[in-house]
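One structure below.
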Protein chains: 2
Amino acid sequence: MKPKITHATLHDVAELAGVSHQTVSRVINDSPRVSENTRQRVLEAIQQLNYQPNHTARALATRRSLTLEIVTFGVGYYGPAQIMGGVERAAKARGYRLFFSNLDRLTYADMRETVEDLKRQQVEGVVLIAPVRSAIYEELMKERNNIPVVQLATQKDVTFPSIIIDQQLGSRLATQHLIDTGHSSIAAISGPLHWNDAAARHEGWLDTLQDNHLNPVNWTEGDWSAASGYRAAHELVDHGAKFTALVIANDQMALGAILALRERGLRIPEDVSIVGFDDIPEASFFDPPLTTIRQDFSTLGEQSVEYLVEIIADPQAAAGQRVLTPRLILRKSHR
Amino acid sequence: MKPKITHATLHDVAELAGVSHQTVSRVINDSPRVSENTRQRVLEAIQQLNYQPNHTARALATRRSLTLEIVTFGVGYYGPAQIMGGVERAAKARGYRLFFSNLDRLTYADMRETVEDLKRQQVEGVVLIAPVRSAIYEELMKERNNIPVVQLATQKDVTFPSIIIDQQLGSRLATQHLIDTGHSSIAAISGPLHWNDAAARHEGWLDTLQDNHLNPVNWTEGDWSAASGYRAAHELVDHGAKFTALVIANDQMALGAILALRERGLRIPEDVSIVGFDDIPEASFFDPPLTTIRQDFSTLGEQSVEYLVEIIADPQAAAGQRVLTPRLILRKSHR
DNA sequence: AACTTATATGTGAACGTTCACATGATTATT
DNA sequence: AATAATCATGTGAACGTTCACATATAAGTT
C-alpha cells in the first residue's frame with residue numbers, strides 16, 4: 001500500500017554504469033582520477049536514475065554537515081529579520097545549509113533546549129542573535145561542545161567572536177547633530193535597557209550631552225514598539241520637562257512619538273526635532289520624513305557568516321569583536 | 001595539533017556501562033524492554049560521557065530526518081517574516097527542525113537550485129511561501145520527488161495542498177464598508193498584480209464595486225513599498241480622477257499614500273478615507289491610525305506545519321486548499 | 001628489457017545509529 | 001514438572017556515503 005519511494009543510491013548507479021561505487025563517488029566529487037570515457041558513462045547513469053547524493057550519508061561519512069544554524073531572538077523585529085536575510089544569502093553562497101531556530105522568550109528552559117539541540121544536530125557553526133543581556137548566553141558558550149559561535153548584537157568590547165554595530169557611535173552622531181544645530185534641551189526615549197543596543201544608544205546620548213556640558217532633560221524607556229513610543233512621548237510631555245529635541249531609539253517608537261506629540265499640539269520639526277534609529281524603509285514616509293541612524297543589518301548578517309566560516313576553517317581565527325559603523329541619514333524631522 | 005574533538009558514541013556508552021550498544025539505544029529511545037537497573041547504569045554512563053545521540057546517523061538509519069524546510073520569497077516583507085515565526089514555533093513543538101531557504105529573485109536558476117537541494121537534503125516536508133504567479137512553482141511540484149509540500153499564498157481554489165488567507169473576502173470587507181458609510185468614488189492602489197494576494201485584493205475591490213453598481217474610478221499599481229504608495233497616490237491625484245476613498249493593498253503603501261495626499265492638501269479622513277491591508281503593528285500609530293484588514297500570518301504559519309505533518313503521516317491527507325479569514329479593523333482613517 | 005612511476009579502478013571498512021532477529025533467563029500456564 | 005510465554009539482552013547487518021588502501025594496466029625512465 002505504502003509505496004515508500006526509495007531513491008537511487010551510489011550502488012544503483014554503479015551497477016547500471018558497470019563500475020564500482022567508488023568510481024561513481026569520484027565522479028560526483030569531481031575527482032580527476034577517472035577517465036573521460038567512464039565519467040560519461042556514469043553521468044548518464046546518474047541522469048537516467050535521477051540520482052541525488054544523500055546528504056545525510058555524506059555528512060556521516062565525512063563528519064562534515066555543511067550546515068550552519070541561526071538562532072534568533074524575536075523574528076518579529078525588523079533588525080533580526082534583515083539579519084536573517086543576510087545570513088541566508090551568505091550561507092548559501094558558501095555552500096552551507098541553514099537551520100533556523102527562534103527564541104520567543106529568553107527563559108532558561110528554552111535556551112537549555114536550544115543548546116542541547118546544537119550538540120545533537122551536527123551543526124558546524126552558529127550565528128546567535130543575542131541582543132539581550134543574559135547569563136544564559138555565557139552558559140551557552142561554555143556548553144556548546146566547541147561548536148564555533150558568532151554572536152550578534154552583544155555588548156561592546158566583549159572578547160568572544162561577535163559582530164556589533166557601534167550603537168554608541170550612532171547615538172553620538174544623532175545627539176551631536178542636534179546640538180550642532182542649536183538644541184540644548186534634548187530628551188530621549190530609550191529601548192528596553194536590558195537590550196544591549198538599547199543600553200549603548202542610551203549611553204551615547206548621555207555621554208554626548210555630558211561632553212557638551214548639557215544636562216539630560218528627561219527620558220523614558222520604551223519596548224521598541226510604536227505603542228510604547230506613543231506612551232513614552234505622552235509621559236515626557238506630562239512630566240512637564242521642556243525639550244526641543246528627542247532622540248528615539250528606533251523608528252517604530254519614533255512613529256508613535258510623532259503621533260503623541262502632534263496630539264499635544266506640538267509640531268515637528270518646528271517645536272520638537274526628532275531623530276530615530278534603524279532607517280526602516282517606511283521612515284522616509286513618516287510625516288515628516290524621519291531623520292535616523294541607518295543600520296546595515298543585512299551586511300551584519302553576511303559578515304557574521306564570513307567570520308564563522310573563517311573560524312570553522314581555523315579555530316585560531318576566533319578573535320574578538322568586529323564592529324560596523326552606522327550612519328546618520330538626514331531627513332525632515334529635525335531643524 | 002588539531003584536537004578534532006570526537007563525541008562519545010553509543011558504543012562508548014555501552015562499554016562504560018557494560019552493556020551492548022543496542023541496550024543503550026533502547027534506553028535513549030525509551031523502550032520499555034530494559035530493566036530499571038541497567039537503565040540507571042546506562043543513564044549514568046551517558047551523563048558521564050556527556051553523550052548526545054547523533055542526529056545524522058539516526059536519520060540515515062531510520063530514513064527519517066525529522067526536518068522540515070521553509071522556503072520563503074523575500075524575508076524582508078512583513079508577511080513572510082511573521083509566517084516564518086509561526087512555522088518555526090509549530091515545527092519545534094512537533095519535534096521537527098527547520099531548514100531556512102530564501103529566494104530573493106524568482107529566476108529559473110534560483111528555483112532550480114532550490115529544487116535540487118530539496119531532493120538532496122532528506123527533508124520530510126516543505127512549507128513554500130509562493131506568493132507570486134509562476135510556472136516555476138508547478139515545475140517544483142512535479143520534480144520534488146514526492147516530498148510533501150504545502151504552499152502558502154497561492155491562488156484561490158488551487159487543488160494541491162495549500163493555505164491561503166481569503167484576500168478577496170478581505171477586500172470585499174474593506175470596500176463594502178466604505179460603500180456602506182456613504183462612499184461611491186472609491187479608488188485603489190494595488191500591489192504588484194503578479195502577486196497572488198495583490199491580484200485577489202484587486203479583484204475583491206472590483207467585484208464589490210460592480211455588485212453595488214459603482215464604477216471603479218481609478219487605480220494604480222504599487223510594489224508593496226511605502227515609496228510606491230507615495231508615488232501612486234500622487235499619480236492618482238495628478239490623473240484628475242475624483243475619489244473620496246482609497247483601498248490600498250498594504251499598510252506600508254498606505255503610509256506613503258497618506259503622506260502624498262497630505263502634500264496635495266487632502267485631509268484624511270475628511271477628504272479621503274483610507275483602508276489598508278495587513279495591520280502591521282505600526283498601523284495604529286499612523287496619522288491618522290489606519291483602518292485595515294488584519295491578516296493572521298502567524299497562525300497561517302502554524303497551520304501550514306500542521307497540514308504538512310498530516311500529509312507526512314498519511315499522504316492521502318493531501319487534499320486541496322484551506323482558507324483563513326481576514327478581519328476588518330476599524331480605526332480612524334475613514335469616515 | 002627491467003624498473004619505476006602514474007593512471008584508472010576496485011575492495012572492504014568506517015561513520016553512528018536502528019532494525020530484524022537470536023538467545024538465555026525468568027515467569028506463567030496447564 | 002514440562003511447556004509455553006514473556007522479558008532482558010545481545011548479535012550482526014543495514015542505512016548511503018567516503019576513506020584508506022590494494023591492484024592492474026599503461027606510460028615513462030634508465
Side-chain angles (χ1 to χ4, degrees), chain A residues 2 4-43 45-46 49-67 97 119-124 145, chain B residues 2 4-43 45-46 49-67 97 119-124 145:
Chain A
K2 222 176 177 182
K4 189 68 173 176
I5 4 78
T6 175
H7 300 264
T9 81
L10 217 46
H11 291 91
D12 300 332
V13 176
E15 193 173 1
L16 182 59
V19 295
S20 79
H21 62 117
Q22 182 57 24
T23 299
V24 180
S25 172
R26 286 192 184 98
V27 171
I28 62 176
N29 288 297
D30 289 319
S31 157
R33 289 280 98 100
V34 49
S35 75
E36 200 43 42
N37 198 329
T38 52
R39 158 167 280 120
Q40 285 310 326
R41 206 139 34 88
V42 169
L43 252 22
I46 287 177
L49 296 175
N50 188 21
Y51 167 78
Q52 291 289 345
N54 180 321
H55 210 289
T56 306
R58 186 175 273 177
L60 186 58
T62 58
R63 281 115 153 265
R64 294 210 54 183
S65 62
L66 287 177
T67 300
R97 305 178 298 170
K119 295 198 270 186
R120 250 172 271 147
Q121 324 263 294
Q122 323 300 116
V123 162
E124 290 190 30
N145 277 21
Chain B
K2 221 174 173 183
K4 191 66 178 179
I5 5 81
T6 175
H7 298 263
T9 82
L10 217 47
H11 290 91
D12 300 331
V13 175
E15 192 173 359
L16 182 60
V19 297
S20 77
H21 63 118
Q22 182 55 28
T23 300
V24 179
S25 173
R26 286 190 184 101
V27 171
I28 63 177
N29 289 297
D30 292 319
S31 156
R33 288 281 100 100
V34 49
S35 75
E36 200 43 40
N37 198 331
T38 53
R39 159 168 277 118
Q40 285 310 325
R41 210 145 27 94
V42 170
L43 251 24
I46 288 177
L49 296 175
N50 188 21
Y51 167 77
Q52 291 288 346
N54 181 318
H55 211 289
T56 307
R58 186 175 274 175
L60 185 58
T62 58
R63 281 119 150 259
R64 292 209 56 183
S65 62
L66 287 176
T67 300
R97 304 178 301 170
K119 294 198 269 186
R120 253 172 268 148
Q121 324 264 292
Q122 324 299 120
V123 163
E124 290 190 28
N145 276 22

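Hydrogens, waters and symmetry mates are skipped; everything else that's a heavy atom, side chains included, is used. In this text the structure is predicted, and so the values were computed from the model without any measurement. Throughout, a chain's letter reflects where its sequence line sits, starting with A, and its residues are numbered from 1.
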Report the residues that fulfil side-chain hydrogen bond (donor to acceptor under 3.5 Å, both in side chains) with [X], sequence neighbours left out, ordered by chain and then residue number.
| X | result |
| --- | --- |
| A:Thr23 | A:Ser20 |
| B:Thr67 | B:Arg97 |
| A:Glu15 | none |

Can you give me the N/O atom pairs linking the protein to nucleotides 4-7 of chain D at distances under 3.5 Å, or say none if there are none?
residue, atom, partner, partner atom, Å
D:dC7, OP2, B:Arg33, NH2, 3.2

Please check the phosphate of [N] (OP1 and OP2 only) for any side-chain N or O of [X] closer than 4.0 Å.
| X | N | result |
| --- | --- | --- |
| B:Thr9 | C:dG16 | no |
| A:Ser35 | C:dT9 | yes |
| A:Thr23 | C:dG10 | yes |

Would you mind reading off the distance between [X] atom [atom1] and [N] atom [atom2], rounded to a whole angstrom?
| X | N | atom1 | atom2 | answer |
| --- | --- | --- | --- | --- |
| B:His55 | C:dC15 | NE2 | C1' | 17 Å |
| B:Asn37 | D:dT9 | CG | C1' | 13 Å |
| B:Asn54 | C:dC15 | CG | P | 12 Å |
| B:Arg63 | D:dA13 | CZ | C1' | 13 Å |
| A:Leu60 | D:dG16 | CG | P | 12 Å |
| A:Arg120 | C:dT17 | CZ | P | 12 Å |
| A:Asp12 | D:dG16 | CG | P | 8 Å |

Taking ring-ring contact (aromatic ring centres under 6.0 Å, His included) as the cut-off, I'd like each qualifying pair that reaches into residues 16-38 of chain A, sequence neighbours left out, listed once.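 Residue pairs with at least one partner in residues 16-38 of chain A: A:His11-A:His21.
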_Five-pair end axes of the helix from C:dA1-D:dT30 to C:dT30-D:dA1, angle between them (10°)_ =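 About 40° separates the two local helix axes.
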Using the side-chain contact (heavy atoms from CB on, under 4.5 Å) criterion, which residues pair with [X]? Sequence neighbours excluded.
| X | answer |
| --- | --- |
| A:Val27 | A:Val34, A:Val42, A:Leu43 |
| A:Ala61 | none |
| A:Asp30 | none |

Can you see which heavy atom on [X] is nearest to which on [Y], and at what distance?
| X | Y | answer |
| --- | --- | --- |
| B:His7 | B:Asp12 | O-OD2, 4.1 Å |
| B:Ala57 | A:Leu60 | CB-CD1, 3.8 Å |
| A:Tyr51 | A:Leu10 | OH-CD1, 3.3 Å |
| B:Ser65 | B:Val123 | OG-CA, 4.0 Å |

Identify the pairs formed between an N or O of the protein and an N or O of nucleotides 25-27 of chain C at a distance under 3.5 Å, and give each distance.
none

The contact string for nucleotides 18-24 of chain D, one letter per nucleotide 5' to 3', using protein heavy atoms under 4.0 Å with B, S and - for base, sugar-phosphate only and none, comes out as BB-----
By the 4.0 Å heavy-atom rule, please label [X] as base, sugar-phosphate, or nothing.
| X | result |
| --- | --- |
| A:Thr38 | sugar-phosphate |
| A:Gln52 | sugar-phosphate |
| A:His11 | base |

Item checked: salt bridge (charged side-chain N to carboxylate O under 4.0 Å, His left out) partners for B:Arg120, two or more places apart ->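 Salt bridge (charged side-chain N to carboxylate O under 4.0 Å, His left out) list for B:Arg120, sorted by chain: B:Asp117.
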Could you tell me whether the side chain of A:Gln122 reaches within less than 4.5 Å of the side chain of A:Thr56, counting heavy atoms only?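 Side chain of A:Thr56 against side chain of A:Gln122, heavy atoms only: no contact under 4.5 Å found.
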Checklist entry - Is there a donor-acceptor pair under 3.5 Å between the side chain of B:Gln121 and the backbone N or O of A:His55? => result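 Flag not set: sc B:Gln121 to bb A:His55 has no pair under 3.5 Å.
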